[in-house]
Colleague: 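Below you will find the structure I want to go over with you.
All chains are named by letter (A, B, ...) in the order of the sequence lines, taking the proteins before the strands, and each is independently numbered beginning at 1. Values in this document were obtained by computation on a predicted structure and should not be read as measured data.
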Amino acid sequence: MSEVYLSNYYLPTRKEDPADAEVSSHRLMVRAGMIRKLSSGVYSMLPLGLRVQARVNNIVREEMNRAGGMEVRLPIMQPRSLWEQTGRWSVYGPEMMRFKDRKDAEYGLGPTHEEVITDLIADEVDSYRDCPLIFYQIATKFRDEIRPRFGVMRSREFEMKDAYSFHADEDEARETYRKMETAYRRIFDRIGFNYRQVEAATGAIGGSLSHEFMVLAETGEDAVLSCTDCDYAANREKASGLVSESHPEAGEDVKELEEFPTPGVETIEDLLEIDPEASPERQVKTMVYMIDGRPTAFLLPGDYDLNETKIAEESGVEIEGMSPGEIYDAFGAHPGSLGAVNLSEASNEVQVWADLALKERYNLYTGANRDGYHYRGVKVERDLEIDRWCQVRLSKPGEGCPHCESGQLEEQRGIEVGHIFYLGDKYSSALKAEITTATGSSQPMIMGCYGIGTSRIIAAAIEQSHDEQGIIWPQSIAPFDLYILPISWQDERQREVSERLAEKFSNLGYEVLVDDRDVSAGVKFNDSELIGIPYRLTLGRSLENDEVELLIRSTGETEEVPLEDIVDRLKELKAQGE
RNA sequence: CGGGGCGUGGCUCAGCUUGGCUAGAGCGCUGCGUUCGGGACGCAGAGGCCGCCGGUUCAAAUCCGGCCGCCCCGACCA
């Protein structure tokens, strides 16, 4: 495809790690001359980096087109009035970058484009016959992240593919959702990722059906729980594992409820110090929040954390924290002494939600709702007044799989590179994107939206594939396919063969980089490995026997190949994906 | 936003505690020469408002105050 000569190319590689880079991908992208930081979470993309980006985007674009998508380009600056129509001008909060123009009109820099695309078609799509419609763009997004991190992994200005679909009814929307799911799998398979598709929380964007695509890597910022035996995998907040039926109190006699003094006890650990029997799994943790203006106590085993995301999502309510003063007024005790025994005596407006893991449990400990006292011998169904049973705990590894019931959940770290949502009519209703149905009535279109972090993909690929020497690109997105390394550019034979090979491979569709710099061989070797080109041809002493040395970056193996065989040898290797 | 740290040639850092004369190192860069299969060597050089503003002092990279920027941990987050 093209031949690039390094002496005419801008490839500022570095010997030393940058001082501000924590993870491998960030370090290597800077060292390999792919990116440079302008400001916190804001990066310039250099020629080598942009080559990788272009290849990633190509794959994404091909698969989006295959799935019926139509590429568009939507404005980055978006007027306040539009965002007010969906209520997100206030909901999105400080994460949206905002500014005013010279007339004092307010704008936001688009973190996502539901409003713009919906508004765009609202007036012009009038009939169910026009559906489905799938639009996508690959463009720069802005989010004022609380804490930008890890180079392009979490930056404030980044590139993303976002797609939006419009449908006449729910079935059609679901069908497109499935199509996108397939397209996403094809994309991540083609790139060569080791990834998991997981059930995801839908969060503030709304809707009911959602999956994330997580590239598995130690440095991932998200926790994924996946089944050891089947395909089940979920974002940790979304996961609903099955708890073991064997409790620590199994086999013990059921004790009576007994109040006892616990001066100064405020935490699970404090109680354990007073009574060594009160291990965390035997304590009932009581956490309180406001739900629709009603104080609510959530009960869960003491060795678990509360899962606010899941509670909010499954009950469809907003949950808000309470101040210590509000808690005392509602419960008559401070947070360290809360408990659900006789709660109705303290207040009749309080409701109690208990985690499923507490079913049938007994001989437990909990706060007495009176500062300085706790109960022991608590039997959940006998002593506590529960209004609702549901999952309020954050699932942990080791819980049973809810799908196959034979496997266990294990935790892995993941980098979120894709997220798909079934949206429903949240935006189409707000923005009056309505169509006439087959029966002649008017109704809002059903929507879906689908994102892929195209710049983040680059970092994820490096996290998943690098070594001490540098990056090891998968063939699918490597900036070049072949690195031609003549030991000495002064050597006439080496120069002549380099040029000939470069032209030949270029004509065969390869992207070729020729290291024609007048630097020592070691520099060339090191740079070629740092930037991670899949194949390297070294032209040196063996050229006297009409041979070149082939290095396969991914395996580190080298072999001497006769000049006349090199084209076939590379074709062979590419075909078998090495 | 809370806690911690940092800011000195292009890069990575020392110097600051205990103020003192021309502000240093390695890498990188320029020129010449020697090298030429794993980040070569010699010689000669260029390059710094020590983040910014103010204060203390005979004297500030160094001490004090304010501001700006960057990083880490946490909270938070389609």
Colleague: Name the pairing partner of B:G45, where a pair is Watson-Crick or G-U wobble with both distances under 3.5 Å, or state none.
Modeller: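 Check on B:G45: paired to B:C29, both distances under 3.5 Å.
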Colleague: Kindly assign one of parallel, tilted or perpendicular to the pair A:Tyr195 and A:Phe213, based on the angle between their ring planes and the thresholds 30° and 60°.
Modeller: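 Rings of A:Tyr195 and A:Phe213: tilted, 30 to 60°.
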Colleague: Parallel, tilted or perpendicular: which describes the rings of A:Tyr177 and A:His211, with under 30° parallel and over 60° perpendicular?
Modeller: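 Because their plane-to-plane angle lies in the 30° to 60° range, the rings of A:Tyr177 and A:His211 count as tilted.
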Colleague: Contact class for A:Arg36 (heavy atom, under 4.0 Å): base, sugar-phosphate, or nothing?
Modeller: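 Contact class for A:Arg36: none.
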Colleague: Write down the atom of A:Gln469, the atom of A:Asp467, and the distance for their closest heavy-atom approach.
Modeller: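 That closest heavy-atom pairing would be N-OD1, 2.9 Å.
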Colleague: Have a look at A:Pro12 and say if it touches a base, only the backbone sugar-phosphate, or nothing, with a 4.0 Å heavy-atom cut-off.
Modeller: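 Result for A:Pro12 = nothing.
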Colleague: Would you check if the side chain of A:Glu547 reaches a backbone N or O of A:Ser542 as a donor-acceptor pair within less than 3.5 Å?
Modeller: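 Absent.
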Colleague: If we take the P atom in both B:G26 and B:C36, what is their distance in whole Å?
Modeller: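 B:G26 and B:C36 have their P atoms separated by 26 Å.
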Colleague: Taking atom C1' in both B:G2 and B:C21, what distance in whole Å separates the two?
Modeller: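 Roughly 45 Å separates the two C1' atoms.
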Colleague: I'd like the C1' distance from B:G65 over to B:G28, given in whole Å.
Modeller: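 Those two atoms are separated by 38 Å.
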Colleague: So which nucleotide does B:C63 pair with, by the Watson-Crick or G-U wobble rule with both distances under 3.5 Å?
Modeller: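 Per the H-bond distance test, B:G55.
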Colleague: For B:C53 versus B:A60, give the span between their C1' atoms, rounded off to a whole number of Å.
Modeller: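 Approximately 15 Å lies between the C1' atom of B:C53 and that of B:A60.
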Colleague: Taking the P atom of each, how far is B:C63 from B:C6, in whole Å?
Modeller: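 Going atom to atom, P in each nucleotide, I get 11 Å.
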Colleague: How far does the C1' atom of B:G69 sit from the matching atom of B:C52, given to the nearest Å?
Modeller: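 Nearest-Å result for B:G69 against B:C52 at atom C1': 10 Å.
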Colleague: Measure up the A:Trp83 and A:Tyr92 rings against each other and bin them: parallel (under 30°), tilted (30 to 60°), perpendicular (over 60°).
Modeller: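 Taking A:Tyr92 first and then A:Trp83, their aromatic rings stand perpendicular (interplane angle over 60°).
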Colleague: Between the protein and nucleotides 69-73 of chain B, which nitrogen or oxygen pairs are less than 3.5 angstrom apart?
Modeller:
| from | atom 1 | to | atom 2 | distance (Å) |
| --- | --- | --- | --- | --- |
| B:C70 | OP1 | A:Ser39 | OG | 2.8 |
| B:C70 | OP1 | A:Ser40 | N | 2.8 |
| B:C70 | O3' | A:Lys37 | NZ | 3.0 |
| B:C71 | OP2 | A:Ser40 | OG | 2.9 |
| B:C73 | OP2 | A:Arg147 | NH1 | 2.7 |
| B:C73 | OP2 | A:Arg147 | NH2 | 2.5 |

Colleague: What is the distance, rounded to the nearest whole Å, between atom CG of A:Asp305 and atom P of B:A75?
Modeller: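 Rounded to the whole Å, the gap is 10 Å.
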Colleague: Would you mind pulling out the nucleotide paired to B:G2, Watson-Crick or G-U wobble, both distances under 3.5 Å?
Modeller: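 Paired with B:C73.
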Colleague: side-chain contact (heavy atoms from CB on, under 4.5 Å) with A:Pro132: which residues, sequence neighbours excluded?
Modeller: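 A:His167, A:Glu172, A:Thr176.
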Colleague: Please report, rounded to the nearest Å, how far the P atom of B:C77 is from the CD atom of A:Glu145.
Modeller: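 Between P of B:C77 and CD of A:Glu145: 12 Å.
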Colleague: Answer yes or no: is there a donor N or O on one side and an acceptor on the other, between the side chain of A:Arg493 and the main chain of A:Leu543, under 3.5 Å?
Modeller: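 Yes; at least one donor-acceptor contact below 3.5 Å.
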Colleague: Kindly say whether A:Met180 contributes a backbone atom to a donor-acceptor pair with the side chain of A:Arg185 at under 3.5 angstrom?
Modeller: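 No, A:Arg185 side chain to A:Met180 backbone: no donor-acceptor pair under 3.5 Å.
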Colleague: Is there a Watson-Crick or G-U wobble partner for B:G7 with both distances under 3.5 Å, and which nucleotide is it?
Modeller: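 B:G7 is paired with B:C68.
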Colleague: Output one letter per nucleotide in nucleotides 35-45 of chain B: B when a protein non-hydrogen atom lies under 4.0 Å from the base, S when only the sugar-phosphate is that close, - when neither is.
Modeller: --BBBS-----
Colleague: Quick one: do the A:Tyr289 and A:Glu308 side chains pair a donor with an acceptor below 3.5 Å?
Modeller: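 The criterion, which ignores hydrogens and geometry beyond distance, is satisfied for A:Glu308 and A:Tyr289.
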Colleague: Specify the separation, in whole Å, of atom OH of A:Tyr10 and atom P of B:G10.
Modeller: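 Answer to the nearest Å: 13 Å.
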Colleague: By nearest heavy atom, map A:Pro111 and A:Asp17 onto RNA chain B; which one lands nearer the 5' end?
Modeller: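 Comparing both residues, the 5'-ward one is A:Asp17.
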Colleague: Heavy atoms under 4.0 Å, any strand shown: does A:Met96 hit a base, just sugar-phosphate, or nothing?
Modeller: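 Nothing, no nucleic acid heavy atom in range.
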Colleague: Mind checking who B:C16 pairs with, Watson-Crick or G-U wobble, both distances under 3.5 Å?
Modeller: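 Across any shown strand, B:C16 pairs with none.
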Colleague: Between B:G39 and B:C29, how far apart are the C1' atoms? Round to whole Å, please.
Modeller: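 B:C29 and B:G39 have their C1' atoms separated by 16 Å.
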Colleague: Angle between ring planes, A:Phe188 versus A:Tyr184, binned at 30° and 60°: parallel, tilted or perpendicular?
Modeller: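 Rings of A:Phe188 and A:Tyr184: perpendicular, as their planes differ by over 60°.
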Colleague: Which part of the nucleic acid, if any, lies within reach of A:Glu16 when heavy atoms closer than 4.0 Å are counted: base, sugar-phosphate only, or nothing?
Modeller: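 The answer is base, as A:Glu16 lies within the cut-off (heavy atoms under 4.0 Å) of a base atom.
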Colleague: Closest approach of A:Glu560 and A:Pro562, non-hydrogen atoms and distance?
Modeller: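 That closest heavy-atom pairing would be O-CD, 4.1 Å.
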Colleague: Both distances under 3.5 Å, Watson-Crick or G-U wobble: report the partner of B:G39, or none.
Modeller: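 Check on B:G39: unpaired, no WC or wobble geometry under 3.5 Å.
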Colleague: Could you tell me the separation between the CZ atom of A:Arg236 and the P atom of B:C77, rounded to a whole number of Å?
Modeller: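 One finds 14 Å between P of B:C77 and CZ of A:Arg236, rounded.
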Colleague: Please measure how far the P atom in B:G4 lies from the corresponding atom in B:C41, and state the result in whole Å.
Modeller: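 About 45 Å, rounded to a whole number of Å.
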